[in-house]
Colleague: 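I'd like to ask you about the structure that follows.
The shown structure was predicted, so the numbers you read here are calculated from the model rather than taken from an experiment. Lettering follows sequence order; numbering is per chain, from 1.
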Amino acid sequence: MVTFTIDNRTIQAPDGSNLLDVARRNGIAIPGLCYHHKLTPTGACRLCLVKVEGMNGLIASCTVKVAEGMVVTAFDPELEETRRFLLNYLLYEHNDSYDGTYSDEMRELIFRYGLDKPENRYLKPNWEKINFKKDDSSPVLTYDPSKCIKCFRCIKACDEVQGKNVLSFTERGINSFIIAGTGIWGGSECDGCGECIQLCPTGAIVEKPNRDIINLERIEKKIITTCPYCGVGCQIELLVQDGRIVRSNGVEGVSPNDGRLCIKGRFGYEFVHSPDRLTKPLIKHNGLFEEVTWDEAFDLIAKKFTEIKNKYGPNALAGYASAKCTNEDNYLFQKFVRTAFGTNNIDYCTRLCHASTVTAMLKAIGDGAGSNPIEDFETTDCLFVIGNNIIETHPITATYVKRGAAKGQKIIVVDPKWTPLVPYATVWLQPKLGTDVALLNGLVNIIIKNGWINRKFIEERVEGGMEAFNRLEKLTATYSSAYASEITGVQASKLEMAARLFATSPTSMIATGMGMSQQVTGTHNVFCLINMMLITGQVGREKCGINPPRGQNNVQGATDVGCSPLNFPGYIPVKDDDNRRRVAEVWGVPYESLSPEPGLTTVEIMQAAYEGRIKGIFIMGENPMISDPNLNHTEEALKRMEFVVVQDIFQTETTRFADVILPASTWAEKEGTYVNSDRRVLRGRKAVECPGEARVDWKIIHELAGRMGKPMPEYRNESEIFDELARVTPILAGISYARLEQGSIQWPCPDKDHPGTQTLYLDRFNTPTGRGKLFPVEYIPQNEKADADYPLILNSGRLLYHYHTATMSRRTKVLRDFIDESFVLIHPGDAKSYGLTHGARVRIESRRGELETIVRISDDVREGEVFMPWHFTESQVNRLTRDELDPYSRIAPFKLSAVRITKI
Amino acid sequence: MISEKRIILRNSGVINPQSIEEYIDAGGYKSLSSAFASTPEKVVEEVMASGLRGRGGAGFPTGIKKQAAADRDTGKISYVVCNADEGEPGTFKDRIIMETNPHLLIEGMIIAGYSISAKLGYIYIRGEYYDSVRRLQHAIHQAYARGYLGNDILGSGFSFDLEIKPGAGSYLCGEELTLLESLEGKRGYPRIKPPFPTEKGFWDKPTLVNNVETLANLPGIIGHGSSWFRSSGTEKTPGTKLFSVCGDVKKPGCYETDAGVILNDLINDLAGGTSNGKPWKAVLLGGAAGTFVPYSFSGLSLCYERLKEQGATLGSGAVIVIGNERKLIPLMQSILMFFRHESCGKCVPCRVGTTYIHERSLEIPAAGNEARISILEEIVNHARQMAKSSLCPLGQSPILPLGTLQIHFTEMIATE
């Protein structure tokens with residue numbers, strides 16, 4: 001800390017802090033437009049000029065670091081006159097018209113210095129003489145150079161904050177203006193995140209959506225909540241006007257995003273007000289849906305489910321929870337399934353994404369969640385990104401990675417397909433699909449051979465110590481770099497480099513994704529990763545560990561609160577008698593009524609339905625008719641069930657098969673909490689009302705429980721549900737709504753005085769012995785192989801602009817503007833072999849189904865492999881995939897299907 | 001009657017600039033052995049003792065710069081960068097050195113590198129100087145072939161590599177921090193100062209940035225010693241200086257003579273006097289970012305210390321002679337157009353100010369006498385505000401010609 005003075009006021013601040021920042025934090029409102037606390041100082045607008053004793057002339061305070069004894073003058077007549085002079089200069093080149101649709105920092109200064117009055121301005125505006133052209137080419141924004149004050153904030157927002165570096169100036173002097181890429185926004189690499197809009201101080205860059213209706217003076221409320229898309233859990237501020245969301249801004253200064261958003265977080269709210277929203281309960285009569293009252297719907301559902309339960313037993317019923325719903329919704333949902341249905345047949349889409357990861361992590365290290373805070377993605381020395389297209393699927397986590405890369409972080413990318421992270425990578429390994437175990441065993445082999453293991457860590461933290469290690473060493477002995485290279489197709493030198501970087505960097509962290517988990521060998525893949533992490537000791541310290549960034553905004557939370565066939569809330573196995581007793585007491589139900597028998601998982605439920613063992617299902621906000629593997633089979637399973645209820649916000653591919661459809665709420669219509677990828681419990685808050693008769697999800701479940709004779713307590717609000725949830729979920733026990741008002745908390749948080757846990761496993765692993773476990777596993781070639789009939793291997797994945805089954809994202813215009821059609825990526829060599837041209841329409845067939853799509857020729861994929869995004873209902877990729885499951889986690893292999901392609 | 005005193009230009013026009021043999025026969029690269037026989041610290045001390053001041057325009061003592069660059073992070077990476085982005089209007093001395101005696105600059109770079117233990121040097125050359133680029137590149141190849149560049153130069157254990165980077169046509173890139181941005185491959189915008197390049201320069205490493213003429217003085221200083229160097233010039237500006245004399249003179253050209261030469265001796269004895277033989281109206285010293293002086297300054301000694309006393313500058317050594325028949329207003333407009341064109345646009349006062357004062361200057365010819373004076377006054381006031389608040393030297397420069405125009409020539413402008 002240093003002590004210094006500004007205008008004779010004594011101020012203390014950490015040594016080296018930015019003078020302007022410190023002054024403002026102390027309420028000294030030095031003007032300035034180019035400085036932003038998230039950006040490096042620019043010194044362009046010169047409005048923050050001050051005098052510092054001992055320094056010559058006027059100094060831009062944004063470029064000065066505070067020092068002991070510094071004597072600063074921030075306000076005197078000369079400084080104020082200089083500022084007025086500079087503002088006059090800005091008005092000379094600046095179009096100061098204002099339409100009320102954006103916040104304008106420049107305008108505030110114009111009023112503050114009295115320059116709103118023409119008589120106080122001493123220069124005639126000249127901006128009309130400069131030949132500026134508006135750039136209206138982007139789907140999300142408009143750039144008006146006549147309103148641009150050339151403060152560099154957009155350029156630095158794009159470069160320093162988002163790591164994209166798309167923007168720059170062109171031309172010189174007063175004629176300079178911003179360009180994207182080498183020209184206009186629409187033709188550039190800009191991905192529409194809008195960080196530049198958020199940091200623009202004048203309205204030179206403004207949002208397109210709602211531009212014609214928004215009026216900041218008519219905003220009724222600003223609600224801070226959590227983004228509804230991926231599992232980063234970005235904090236957003238929703239602006240509501242006339243009962244509608246009209247804008248979404250990133251919230252500055254809070255974890256996990258510090259104001260940053262991606263295109264979905266900033267613009268993806270349009271679906272909330274879609275005319276397609278379900279507004280009334282619907283019951284199917286003779287194949288047609290008819291609007292009914294809630295009473296009619298509830299009565300029918302209660303009657304049918306009770307009939308099935310009585311006739312076939314509780315295990316003939318099942319429920320799909322939702323990774324999009326709140327912890328409170330999901331908690332009551334699993335309570336409903338366990339008490340009203342009386343079964344553990346409850347699962348949801350996590351089974352389709354990270355089930356294998358969670359299974360392996362629970363067994364080996366004891367927690368099924370990421371070990372590190374999001375900030376570590378920037379500060380760790382080495383990041384091992386495997387099967388994880390992080391820039392597209394977790395754009396804000398990726399901003400941390402890119403910022404790390406700019407500071408010299410070593411990045412290893414392992415992906416069979418090129419991802420946008422590759423240009424930032426130190427090394428990219430491109431293995432053949434399905435060869436990950438061989439690759440990782442190869443890395444372990446190289447690490448051991450070079451003596452890069454951490455013996456002390458193995459002895460102290462690994463179960464079985466060196467003996468266990470020796471078993472791993474023995475198993476991996478055959479996976480020499482040459483052998484691993486042969487199987488994976490990755491050059492041995494690259495394997496060596498990756499092994500060295502990971503093992504020998506001071507801190508290394510793993511980011512794993514769907515590429516690892518969505519395979520028949522998903523659990524084995526993750527075991528191998530954990531083996532590598534444990535023998536090198538790259539865990540148990542800050543900035544070290546393993547992180548599976550989660551796909552949906554509450555995929556973490558839904559499992560945390562018990563939407564699992566195997567676990568009660570807090571990952572306590574259903575078999576655990578003591579826990580069942582405890583939970584039964586809290587729930588006020590007989591202990592015997594809670595089944596100790598593990599239920600069926602997501603895909604198993606459909607398989608059981610296909611086989612006639614499951615007769616009725618309650619689906620809350622899931623869309624298995626796009627998201628499940630082997631859709632033809634899923635479709636048949638849904639048809640064979642006696643009674644299907646779907647509670648959703650839209651008609652989906654799945655609602656077609658429902659007997660009753662219930663209109664539910666979006667995230668913006670309810671209070672609640674979510675858990676993000678770094679175990680951060682975040683608040684969701686209500687911004688708008690449900691449309692029509694649509695209801696908040698937990699209230700529907702609550703009502704239904706009563707109608708089925710298992711009434712739940714009368715919760716007055718979501719906070720009370722959370723309090724009950726905290727009582728049965730030890731990892732969340734110390735958290736309450738009151739605490740969350742002060743900020744998010746990372747679990748485990750066992751009591752109300754606990755601050756939460758940033759990094760897992762610092763002292764012990766969460767296994768019974770407290771030690772991590774090695775699981776040596778052999779590489780097994782895939783059953784599904786390319787052959788003469790199906791010569792290509794299909795990989796599937798996601799795009800930045802769309803989200804899962806696209807029910808939300810494709811109802812948002814700007815997202816459709818970026819991309820709105822399915823495609824298949826095919827290597828130029830294969831395209832030549834099969835006579836395919838770019839843009840050609842093709843049929844893709846697997847042993848299970850077929851679809852049609854458009855060819856994109858690209859060397860992003862290996863020869864012999866093709867890739868498709870799975871968002872598009874008109875080309876349902878899961879018609880092609882298999883439901884052969886990973887034996888441990890019951891996840892399906894979405895990433896590997898043999899196909900053939902023919903021109904139509 | 002004075003004459004030229006050619007030290008830097010000793011071999012210019014005498015030897016073939018494309019022949020390293022001729023340079024060596026003329027005594028070239030001998031100073032390297034002297035430097036290597038001494039320690040880097042001693043080389044810096046010798047340069048300090050010589051009193052050499054930077055020849056790029058600011059006149060900063062070279063030895064102090066070297067000391068600063070060498071003191072930081074001893075043993076770590078540092079760079080030598082030659083500022084050959086000669087863009088100041090009326091200045092054409094560096095190109096003479098590069099085109100007629102490129103090896104002298106290379107030898108100076110190697111000595112500079114040795115003195116601060118840098119292993120890599122860059123010569124950032126104005127993009128339009130095709131011949132300079134070509135000849136220097138050729139000379140660098142020759143120097144590598146002869147073992148003057150590369151690993152273990154002359155068995156000294158010192159290794160030094162040298163590369164050329166041509167600029168892309170921006171005046172501002174001649175400003176040392178902007179030059180470094182450009183050298184790093186970025187757009188030529190000025191950096192915030194401090195830190196100075198000697199602390200955080202090229203890729204944030206300590207960097208010695210010196211002008212061509214400055215570096216070309218090093219072989220002489222190291223070869224002959226600092227007292228020899230001090231036998232030329234004045235006490236505070238020792239050595240010879242290259243003057244680029246142009247404008248209304250009979251023999252415009254680049255002349256090397258003692259620093260501190262009398263202005264009129266330079267014009268009359270070396271440049272052949274004014275074109276029409278009549279006393280000149282004004283001289284613009286130091287180029288566009290320089291100062292106007294009236295004929296009453298004709299007896300002024302051209303050295304940093306005397307000029308400073310008189311509110312004038314030596315700058316890069318440009319001497320633009322304005323004959324008695326030439327008009328000042330178009331000249332002023334031309335200078336202001338130059339600043340307007342070269343302002344990068346980063347900071348508000350320079351971006352708007354250079355445009356505004358140029359626009360205003362265009363209104364002068366049509367204005368009456370009184371109005372002309374008040375417009376000039378307004379322009380000068382703006383330039384003063386700009387100087388006070390601008391980020392880099394460009395925005396701080398217009399006050400120099402404008403202020404001196406106002407002081408010495410207001411009346412002439414009013415009636416011209």
Side-chain angles (χ1 to χ4, degrees), chain A residues 32-34 40-51 55-60 62-65 78-79 81-94 106 122-127 129-130 148-152 155 159 165 168-179, chain B residues 168-173 177-178 181 185-195 200 203-204 336-360 362-363 378-379 381-396 398-399:
Chain A
L33 293 171
C34 69
T40 57
T42 307
C45 78
R46 317 304 289 170
L47 289 164
C48 70
L49 289 171
V50 295
K51 293 174 183 168
M55 289 172 140
N56 281 335
L58 309 182
I59 319 278
C62 69
T63 68
V64 177
K65 289 176 177 158
E78 185 192 1
L79 287 166
E81 189 43 46
T82 306
R83 288 168 187 151
R84 192 165 285 114
F85 165 81
L86 291 167
L87 279 169
N88 265 290
Y89 264 16
L90 279 173
L91 286 167
Y92 179 74
E93 61 165 358
H94 175 81
M106 165 110 178
Y122 46 78
L123 300 180
K124 246 189 10 236
N126 191 52
W127 59 269
K129 287 195 202 141
I130 308 167
C148 175
I149 58 163
K150 294 147 196 173
C151 64
F152 286 71
I155 292 178
D159 178 10
N165 213 348
S168 63
F169 276 113
T170 190
E171 294 292 341
R172 280 205 300 231
I174 206 158
N175 298 310
S176 54
F177 60 93
I178 303 287
I179 53 167
Chain B
S170 160
Y171 169 68
L172 187 52
C173 287
L177 286 160
T178 315
E181 283 286 290
K186 299 170 189 156
R187 195 176 154 92
Y189 280 128
R191 291 184 185 171
I192 292 163
K193 193 161 38 176
K200 272 189 172 184
W203 299 125
D204 284 353
L336 294 181
M337 181 62 219
F338 174 76
F339 284 124
R340 174 184 185 164
H341 180 67
E342 294 296 347
S343 171
C344 73
K346 181 171 178 178
C347 77
V348 176
C350 176
R351 178 175 76 230
V352 179
T354 52
T355 297
Y356 180 72
I357 60 180
H358 174 247
E359 295 273 334
R360 279 298 267 162
L362 299 179
E363 295 167 18
E378 187 198 342
I379 289 176
N381 283 340
H382 276 264
R384 198 161 283 135
Q385 284 280 22
M386 287 163 63
K388 211 182 336 181
S389 55
S390 286
L391 172 61
C392 91
L394 198 148
Q396 293 158 7
I399 188 61

Colleague: Picking from B:Pro194, B:Gly353, B:Pro349, which has the most non-hydrogen pairs under 4.5 angstrom with chain A?
Modeller: B:Pro349
Colleague: Would a distance-only check, ignoring hydrogens and angles, find a side-chain to backbone donor-acceptor pair under 3.5 Å from A:Glu171 to A:Phe177?
Modeller: no
Colleague: Measuring heavy-atom distances to chain B, does A:Leu49 have an atom under 4.5 Å in its side chain, in its backbone, in both, or in neither?
Modeller: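 Side chain of A:Leu49 only, per the 4.5 Å heavy-atom cut-off to chain B.
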Colleague: Between B:Ser170 and chain A, with a heavy-atom cut-off of 4.5 Å, which part of the residue counts as in contact: side chain, backbone, both or neither?
Modeller: both
Colleague: Is a side-chain donor or acceptor of B:Ser390 paired with a backbone partner of B:Ala387 at a separation under 3.5 angstrom?
Modeller: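 Here the side-chain-to-backbone pair does not exist.
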Colleague: Give a yes or no on whether the backbone of B:Ser389 and the side-chain of A:Arg46 come within a donor-acceptor separation of less than 3.5 Å.
Modeller: yes
Colleague: Just verifying a value: how many Å separate A:Thr82 OG1 and A:Leu58 CG, rounded to the nearest 0.5 Å?
Modeller: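 With rounding to 0.5 Å, OG1 (A:Thr82) is 5.5 Å from CG (A:Leu58).
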Colleague: Strictly distance-based, threshold 3.5 Å: is any side-chain N or O of A:Lys150 a donor or acceptor partner for the main-chain N or O of B:Gly345?
Modeller: no
Colleague: Can you tell me which portion of A:Ser168 sits under 4.5 Å from chain B's heavy atoms? Options are side chain, backbone, both or neither.
Modeller: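 Interface part for A:Ser168: neither.
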Colleague: Does any backbone or side-chain atom of A:Tyr89 lie under 4.5 Å from a heavy atom of chain B? Answer side chain, backbone, both or neither.
Modeller: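 Both backbone and side chain of A:Tyr89 come within 4.5 Å of chain B.
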Colleague: Go through the atoms of A:Leu47 and report whether side chain, backbone, both or neither lie under 4.5 Å from a heavy atom of chain B.
Modeller: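 The answer is neither part of A:Leu47.
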Colleague: Between A:Asn126, A:Val64, A:Thr170, A:Asn175, which shows the greatest number of heavy-atom pairs under 4.5 Å with chain B?
Modeller: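 Of the options given, most contacts go to A:Thr170.
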Colleague: Answer with side chain, backbone, both or neither: which region of A:Phe169 has an atom nearer than 4.5 Å to a non-hydrogen atom of chain B?
Modeller: both
Colleague: For atom NZ of A:Lys51, decide whether the heavy atoms of other residues, nucleotides or ligands shown that lie under 6.0 angstrom number more than 12.
Modeller: yes
Colleague: Flag the one option from B:His341, B:Met386, B:Arg191 with the top tally of heavy-atom pairs under 4.5 Å to chain A.
Modeller: B:His341
Colleague: Donor-acceptor check, side chain of A:Arg172 to backbone of B:Glu342, threshold 3.5 angstrom: yes or no?
Modeller: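 Checking the backbone N and O of B:Glu342 against the side chain of A:Arg172, no donor-acceptor pair under 3.5 Å is found.
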Colleague: What part of B:Ile192 is in contact with chain A, defined as an atom under 4.5 angstrom from a non-hydrogen atom: side chain, backbone, both or neither?
Modeller: side chain
